[in-house]
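Remarks on the structure that follows.
Here the structure is a predicted model, which means the values were calculated and not measured. Here is how names work: the chains are called A, B, and so on, in the same order as the sequence lines, proteins then strands, and each is numbered from 1.
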There are 2 protein chains.
Amino acid sequence: MGVGDVSKRILLGRKLRSAQLGETLLPKRIALPVFASDALSSVAYAPDEVFIMLGIAGASAYAWSWKIGLAVALVMFTVVASYRQTVHAYPSGGGDYEVATVNLGRTAGITVASALLVDYVLTVAVSISSAAQYAAGAIPSLIGHEATVASVAVIILTALNLRGVRESGTLFAVPTYLFMAAILGMGGYGLLRLLSGSLPDAESADLRILPEEGWEGPLNQIALIFLLARAFSSGCAALTGVEAISNGVPAFQRPKSKNAATTLLLLGLIAVSMLMSIILLANEMRIRYVDPHALDQLRTAGGDAVPEGYQQHPVISQIANGVFDHFSPGFYFVVTVTGIILVLAANTAFNGFPVLGSILARDGFAPRALGARGDRLAYSNGIVFLAVMAIVLIVLFDAQTTKLIQLYIVGVFVSFNLSQLGMIRHWTRHLATEKDAGERRRMQRSRAINTFGLGLTAVVLVIVLITKFLAGAWITILAMGFFFAVMKAIKKHYDNVERELAADETDKALPTRVHAIVLVSKLHKPTLRALAFAKATRPNALEGVYVSVDQKDTARLLEEWDDRNTGIPLKVLHSPYREVVKPIVEYASAIRRANPRGVVAVYIPEYVVGRWWEQFLHNQTALRLKGRLLFSPGVMVISVPYQLRSSEIALEREERDEQRVHAGDLRRGRARDRNGRR
Amino acid sequence: MGVGDVSKRILLGRKLRSAQLGETLLPKRIALPVFASDALSSVAYAPDEVFIMLGIAGASAYAWSWKIGLAVALVMFTVVASYRQTVHAYPSGGGDYEVATVNLGRTAGITVASALLVDYVLTVAVSISSAAQYAAGAIPSLIGHEATVASVAVIILTALNLRGVRESGTLFAVPTYLFMAAILGMGGYGLLRLLSGSLPDAESADLRILPEEGWEGPLNQIALIFLLARAFSSGCAALTGVEAISNGVPAFQRPKSKNAATTLLLLGLIAVSMLMSIILLANEMRIRYVDPHALDQLRTAGGDAVPEGYQQHPVISQIANGVFDHFSPGFYFVVTVTGIILVLAANTAFNGFPVLGSILARDGFAPRALGARGDRLAYSNGIVFLAVMAIVLIVLFDAQTTKLIQLYIVGVFVSFNLSQLGMIRHWTRHLATEKDAGERRRMQRSRAINTFGLGLTAVVLVIVLITKFLAGAWITILAMGFFFAVMKAIKKHYDNVERELAADETDKALPTRVHAIVLVSKLHKPTLRALAFAKATRPNALEGVYVSVDQKDTARLLEEWDDRNTGIPLKVLHSPYREVVKPIVEYASAIRRANPRGVVAVYIPEYVVGRWWEQFLHNQTALRLKGRLLFSPGVMVISVPYQLRSSEIALEREERDEQRVHAGDLRRGRARDRNGRR
C-alpha cells in the first residue's frame with residue numbers, strides 16, 4: 001500500500017486492530033467475579049446495619065430481622081429481573097444512563113449520571129471503612145485508628161490505579177470465589193451444626209441491649225413501622241452494585257445478552273443466599289450487635305456496662321468465631337477474605353468512574369478528553385478526584401460505616417427508578433410498532449416486570465428518603481445537584497462553541513499570501529532545519545527574525561548569518577529590556593495588519609529532550625511565545641522539532657506509557673493477555 | 001515603514017523603547033534606602049547576639065562588647081573601602097559574581113553565586129525571625145508563636161512578590177529614613193541624657209547572668225579568645241547586605257560609579273554609628289540580655305530564678321523603653337520601625353534572588369528562561385523556592401535568631417574573599433599594561449586596599465568557620481555545595497547540547513517535498529481555516545485526515561466533506577478503540593518513511609478560549625498529539641488557532657500580566673512611574 005497515494009480513502013482500521021489490538025471477552029465464570037465483588041461485598045456490612053437499627057429498640061426487635069432479610073431479598077430479585085430485561089434491550093453497555101437518556105431525555109440521563117458518580121464515591125468510602133473495621137477486629141492495635149487505616153488504604157488504591165493495575169480476571173476470580181466459599185461454607189457448616197443441635201452461642205449471646213431512650217417497652221405502631229423502615233433501608237445496601245453487569249454487557253462472551261442475564265440471576269441467588277444465611281445464623285447464635293460507637297448500649301447478664309476495652313466483632317466475625325469453635329485459622333480466613341472483597345469492591349468504583357466519564361464525554365457532558373482512551377491526565381484527574389472525595393467522607397464520618405450508610409443507596413435507587421421508568425417507555429414504544437404476536441407477548445411480559453420493579457423501587461426510594469434524609473442523605477442529594485449543574489454547564493459550553501464554529505459559506509476564501517518568519521536565537525542545527533523546512537514550503541516572503549538583547553551577540557550572529565549565505569534576509573528586533581516574546585508578537589501582528597488577507601507563518605525551532613529536568617532548561621520561551629501568538633488572528637505557529645540524543649529516553653517512556661492498562665479496561669472488554677498484547 | 005519590506009534589517013529598538021519603556025535612575029537619597037535596608041536592619045539583631053555570646057561567661061564579659069563593636073566597625077570600613085574599588089572597576093552591576101568570574105574563572109564565580117543564593121535564603125529567615133521577636137515583644141499574645149508568625153509573614157511577602165509589588169523608591173525611603181531617625185535619634189537623646197547624668201538603668205539592669213557550666217570564674221586565655229571570637233562572628237552579621245550596592249550600580253544616576261561609591265561610604269558610616277550607639281547605651285544602661293530560650297541563665301538580684309512569664313525585650317526595645325522613660329509612643333515607634341525595616345530587608349532577598357538568577361541564566365548556569373524578563377513562571381518558581389527554604393529554616397530552628405545566625409555570614413564572607421581576590425588580580429592585570437603614572441598610582445592604591453580587605457576578611461572567614469561550623473555553618477556549606485553541583489550540571493547540559501547542535505556543512509540540504517495533512521475532527525470553522533491555510537502554503541501533497549471511532553459519525557462527516565467540495569482528499573483512519581493520537585502519529589511516520597527526504601506538515605486546528613476551566617474542555621487531544629509528534633523526525637506541527645469569542649478575556653489577562661512589575665526591577669534601573677509607564 002503506497003502511502004503517497006492520497007487520492008483514495010484508505011481504511012487502516014483492520015490492519016491496526018489485528019496488529020495491535022484484540023479483545024478478551026469474559027466467560028460467565030470470570031464475568032461473575034469481575035462484576036459481582038461490589039454487590040456481594042455488601043453482605044459484609046448490610047446485616048450488621050440491620051441489627052444495629054433493630055437494636056435501637058433492644059434485642060427483642062431482632063425477631064424482625066428475618067422478615068427484613070426476606071424483604072431485601074424480594075427487592076433484590078425484582079431488581080435482578082428488571083435488569084435482565086435491560087441487558088437484553090440495551091446490549092451496548094450504556095446501562096442506566098443510556099436507558100434513561102434514550103427513553104426519558106437528557107435531563108433524566110444526567111440525573112442518573114450524577115447519582116452514579118456520587119455512588120462511586122460512596123462505594124469507596126463505605127467499603128473501605130467497613131474493611132477497616134474488619135481489620136481492626138483482627139488486629140486490635142488498629143482500634144481507634146480506623147479512619148487513618150481507611151484513608152491510607154484509599155491512597156494505596158489510588159496509587160495502584162494511577163500506575164495502572166492489570167485488572168485481570170484472575171485478580172477478581174480468586175478472592176471472589178474464596179469469599180463465596182467462605183461465607184456459604186460457613187453458612188452450610190453452621191446449618192449442619194444447627195440441625196445436629198451443636199451450634200454454639202455467639203460470644204455476645206449473653207449481653208443485653210438497652211433500648212435507646214424513647215424506644216423502651218412495647219412500641220406503638222408508627223414507631224415500629226419507622227424502626228423497621230430504617231432497618232430495611234440499611235439492609236438495602238445489599239443492592240448496590242447489582243446494576244454493574246448492565247454496564248458491562250459488551251465484555252461478555254457471545255451470546256452477550258443471554259450470558260449477562262444468566263450471570264445477573266446467579267449474582268442475585270448467591271447474594272440472597274449469603275445474606276439470609278448470615279441473618280439465620282446470627283439469630284440462632286443469639287448475636288448481639290450495636291453501633292460500634294455506642295457500646296454503652298450493651299449490658300452484661302448482670303446488668304453492668306460492658307468492661308472498658310470490650311471489643312465488638314462484626315457479625316460475620318462473630319459467626320466465624322462461633323461456628324469454627326474459636327478455631328482461629330477459620331476465623332482469620334473468613335475475616336481476611338471479607339476484607340479483600342471489600343477492597344476489591346472499592347476498586348470497582350475506581351474502574352467504573354473513568355468508564356462513566358468516557359461515556360459522558362462522548363455525549364458532551366464531561367471534558368471531551370475523557371472520551372479518548374489513554375489520556376492519562378484526564379483519567380488521573382478523575383481517579384484523584386474520586387479518592388479525595390472518598391477520603392473527605394471517611395475523615396468527616398470517622399470511617400463509621402453506620403453513618404456513611406445513611407448517605408448511600410439514595411443514588412442507587414434514583415438510578416433504579418429512572419432506569420425502570422425508561423424501560424417501561426422503551427417497551428411501550430416498541431409495542432406500538434411490533435406486529436409479531438410472540439414478540440409482543442414477550443415485550444408485554446418485560447414491561448410488566450419493569451412496571452413491578454418501578455413500583456417496588458419507588459417505594460424503597462421513598463422509604464430511604466424519609467428515613468435517611470436528615471441522617472445524611474441530604475449530602476448525597478446536594479452532591480448530585482452539584483454534578484448535575486456542572487454537566488449541564490459543560491454541555492452548554494460545548495453547544496455554544498459548536499454554534500459559534502458552525503461553518504458557513506464565507507469560510508471558503510483562501511488567504512492570498514503566506515509570509516513566513518523563522519525565529520533565530522542562534523545559528524545551529526535546529527535553526528537551520530527550521531529555515532530549510534520553511535524554505536521548502538515556498539512562502540511568498542521568508543525571513544529570519546532575531547531578537548537582539550546584547551550588542552556583541554548580535555554582531556556575532558549577523559556575521560555568521562552572512563557567512564552562511566542562506567539567501568534569506570534576517571530581521572533584527574531590538575529589545576533593550578531582554579523581552580523576547582513581545583517584540584515578536586508585535587512584529588507578526590504588524591505584518592498581518594499590512595496584509596489582512598495574508599497569513600503569517602511563524603516557524604519555531606524546538607529542542608526535544610528526554611529527561612524531565614531538561615524540559616525546564618529549554619523551550620520555555622517558545623512555549624510562552626506560542627501561547628501568546630494563539631491570540632493573534634491570521635498567525636499560524638509551526639514547531640520544527642529537533643530531536644536531541646537524550647530524547648530517545650522520553651520516546652521509550654512514552655511508548656511504555658501507551659502500553660499501560662487503564663482503569664476500567666477489563667470491564668469494557670479490553671483485557672490484555674499475559675504477553676502484553678491486548 | 002513598510003512591513004512587507006523584508007530585504008533590509010530594520011531596527012525596531014528605539015521605537016519600542018520610546019513608546020513603552022523608560023528608565024528611572026535613582027538619585028543617592030533614594031538609592032541609599034533602596035540598597036541599605038538589608039545592611040542597616042542587621043543592627044536590630046547583631047548587638048543582641050554579641051551580648052548573648054558574651055553573656056555565656058556572665059555579665060562581666062560585657063566589658064568586651066566595646067572592643068568587639070570596634071572590631072566589627074573596622075571590618076565594616078575595610079569592606080566598604082574594598083567595594084568602593086569594585087563599583088569603580090565593574091560599573092555593570094555584576095557584583096561579586098562578575099568580579100570572581102572575570103578574574104578567577106567560572107568555578108570561583110559559581111562558588112560566589114552559591115554563597116549568595118544560600119545567603120538570600122538566610123536573609124529572609126533571619127530578618128523575619130528577628131521581626132517576629134520584636135512583634136512578640138510589643139504584642140505579648142504572640143509569645144511562643146514566633147515561628148508561626150514568621151512563617152505567615154514569609155507567606156505574605158511571597159504572595160506580594162508573586163503578584164508583583166511596585167518596588168518604588170518611596171516604599172523604601174520612608175521606613176528606612178524613619179529607622180535611621182529612630183535609632184540615631186534614640187542614640188543621640190540617650191547620649192545627651194548620659195552626659196547630663198540622667199540616663200536611667202534598663203529594665204534588666206538588676207538581673208544577674210549565671211555563666212554557663214564550664215565558663216564560671218576567671219577564664220583561661222584560650223577560652224577567652226574563643227568566647228570573643230564567637231561574639232565577634234555573630235557581630236559580623238552587621239556586614240550582610242553591604243555588597244548589595246555593588247550589584248546595583250546601573251540603577252544609579254550618573255556618574256553611576258561615583259554616586260554608588262559615595263552611597264556605600266554613607267551606608268558604612270550610618271551602620272557603624274547605629275551599631276556603636278546601641279552598644280554604648282546598652283552598656284551604660286547595664287542591659288542584661290541572654291538567649292531568649294535560656295532565660296534560666298538570668299537571676300534576680302536576690303539570686304532567685306526570674307519569675308515564670310518574665311519577658312525579655314530585645315536590646316533596642318530595652319533602650320527605647322529606658323531612654324524614653326517608659327513613654328510608650330516612643331517605645332512603640334522604635335519597635336514598629338525596626339520591625340518594618342526587618343521585613344524590608346527580607347524583601348530585598350526576594351528582589352535579589354531573581355536578579356542573580358537572570359545573570360546566572362545569561363551565563364548558562366541556570367535555566368535560560370530565568371534570563372528573559374517577564375517569564376512569570378520562572379520568576380515565580382524562584383520566589384516560591386526561596387520562600388519554602390526560608391520557612392523550612394524558620395520552622396526547623398523555631399524562629400530563634402540566635403540559632404539561625406550560626407548559619408548566616410559564612411556565605412557572605414566566602415563571597416567577600418573571592419571578590420577581593422578577584423579585585424587584586426584585576427588590578428595586577430591592568431597594572432601590567434597601564435603606562436600612565438597617575439593611573440598606576442591609583443591602581444596600586446586600590447590593590448593595596450583590596451589586599452588589606454582580603455587579609456582581614458580571610459581572617460574573619462576562618463574565625464566564622466571555626467566558631468560556627470558545628471553550630472550550623474555546616475548546613476550552609478552543604479547547601480552551597482548543592483547549588484554549586486546543580487549549576488555545574490546545568491552548564492554541562494547546555495554545553496553538551498550546544499556541541500550536539502553546532503551547525504556543519506551537511507545541514508544545507510533542502511527537503512524535496514512537503515506533504516501536508518490537516519487534522520479533521522468536525523467540519524467547522526477552525527477546520528476550514530486550517531485547510532485554507534494549508535492550501536495557501538501550496539504543499540506538494542495535501543489531504544485531510546480523520547480518525548474514525550464511530551461508524552455513524554464517520555458517514556456523516558464524509559457526506560459533509562463531499563458536499564463542501566473542497567477539492568482536498570480525506571483520509572479516514574479507523575480506530576476501533578477510540579485512540580486518536582497513535583493512528584495519526586503512525587500515519588505521519590509512514591508518509592515520512594516512504595519519502596525520507598520530504599517533510600510532513602501536520603496542521604492542527606486549535607480553539608483559543610478565555611476562561612481557565614474552558615481549557616480543560618478543549619485541545620487536550622491536540623496537546624497530546626503535539627507532544628507525541630515532536631519525537632517523529634521530519635515532521636513539523638502547525639497550530640492554526642481559532643479565536644473563540646471568550647478568548648478576549650484571556651488576551652486582556654495576558655496583557656495585564658505583561659504590565660506587571662517584576663521583583664528586582666527597581667534595582668536593575670527599571671522603575672515604572674506612577675502612571676504605569678516605565
| Largest heavy-atom contact set with chain A, pairs under 4.5 Å, which of B:S632, B:G598, B:S548 | B:S632
| task | Identify which of B:I604, B:V640, B:V497, B:V635 forms the greatest number of heavy-atom pairs closer than 4.5 Å to chain A. | result | B:V497
Could you tell me which of [options] has the largest number of non-hydrogen atom pairs under 4.5 Å with chain B?
options: A:A366, A:G634, A:A601, A:A536; value: A:A536
options: A:L630, A:L523, A:V599, A:T537; value: A:L630
options: A:E560, A:Q643, A:E500; value: A:E500
options: A:A530, A:P539, A:P526; value: A:P526

| request: Classify the side-chain pair B:S575/B:K582 by whether it contains a donor and acceptor separated by less than 3.5 Å. | output: no
So, the side chain of [X] versus the backbone of [Y]: is there a donor-acceptor pair under 3.5 Å, distance only?
X: B:R529; Y: B:Y642; value: no
X: B:W561; Y: B:P569; value: no
X: A:N540; Y: A:H515; value: no

| query | Between B:K626 and B:E606, is the closest basic N to carboxylate O distance under 4.0 Å? | reply | yes
| message | Strictly below 4.0 Å, N to O, side chains only: are B:E586 and B:R593 in salt-bridge contact? | response | no
| field | chain A contact via B:Y494 - which portion, at a heavy-atom distance below 4.5 Å | value |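 The side chain, not the backbone.
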| In terms of heavy-atom proximity below 4.5 Å to chain A, should B:K522 be classed as side chain, backbone, both, or neither? |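 The side chain, not the backbone.
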